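We count ligands from 1, going down the list as the structure has it; atoms in each ligand are counted the same way. What you are looking at is a predicted structure, and each value in this text was computed from that prediction instead of being measured. FYI, side chains are in, hydrogens and waters are out, and symmetry mates aren't considered; it's all heavy atoms of this structure.
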Amino acid sequence: MPEIPEMEVYKKQLSETVVHKKIVDITINREKSINVEPQLFKDLVNDQLIIFVSRRAKHLIFTLGNGYYLVTHLMLGGRIYLAQPGEKVNTRGSVIFHFFDKTKLYFINLRLGWLYVLTENEMDELFAKLGPEPLGKYFTLEWLSDSLSQRRGALKPLLTDQAFIAGIGNCYSDEILFRAGIRPDRKANELNLHEVTALFSAIPSTLQDAINNGGYMEKLFNSNDHFTGKYNDYLKVYDREGQPCYQCNDTVQLITVSGKKSFFCPSCQN
Ligand SMILES: [Zn+2]
């Protein structure tokens, strides 16, 4: 499932390609992916300029000229593709935006994912329970230290809890814990200050490295995308069970922590 880096990569690519473009037609092939009747969706979105693309947690937000917001969560398997004029795309797409310049933005395989049109209040309500952004100004060492000390559970489920910190999932929680040198099954309130500091530093640095290298998911954004997915080559433990640790040559292991699968190195992580 895409996490902050993958959504930041989409945000960058979308900002460079569809901002200040006008949606002139909409194809809705999967009505379950949207939140209102198809006709109302079209009435609210059609003929609108996309003013701005932003991100909150694992959601992308398109600000429309009429003050409404399109919010998408891709969940498992969903993706976005921008087709050039006349380009043949080998998918039906759950929802497709047709722009004035004949490019088309495909929202593909929104089976669990969705694309909603919302007012600002509705969007605020949707995001109300999310924790702070780990790349934002409210993510401080004091906040992390204080919050961890109040949690008795293990780190792996805590880091992927969207109400605790927003936007981290299965892949980057493992990579962050590897970088911090801490086991995924350690209890949050039992970390010492050195470990809390290591975790505080590993969270944004891991996410930023992944953003700079295109994230780990390799489905491309358009036909001349040579950027997306390069971070897959830099993953240290995620999805590497049984393979040697790049740092110490011990074997990467897979364990289940509170029902969540977690990859880690038993020698590099304590
Ligand atoms: Zn190791």
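Exactly one of Y10, F127, Y116 qualifies for a ring-ring contact (aromatic ring centres under 6.0 Å, His included) with H59. That residue is F127.
For a distance threshold of 2.8 Å, the protein N, O or S atoms nearer than that to the Zn ion (ligand 1), listed by chain and number, are C245 SG, C248 SG, C265 SG, C268 SG.
To the nearest 0.5 Å, atom CD1 of residue I168 and atom CD of residue E133 are 9.5 Å apart.
The side-chain contact (heavy atoms from CB on, under 4.5 Å) check on D101 picks up K21, F99, T103, with sequence neighbours excluded. Take S33 and apply the side-chain contact (heavy atoms from CB on, under 4.5 Å) test, not counting sequence neighbours, and it matches R30, S94, L110.
Annotation for V257: hydrophobic cluster partners, listed by chain and number, are I255, F264 (ILVMFWY side-chain heavy atoms under 4.5 Å, direct or chained).
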Run K58 and E3 through salt bridge (Lys or Arg N to Asp or Glu O under 4.0 Å) and show every step you take.
CA-CA 5 Å; K58 301 175 188 172; E3 305 176 29; 5.9 Å; no
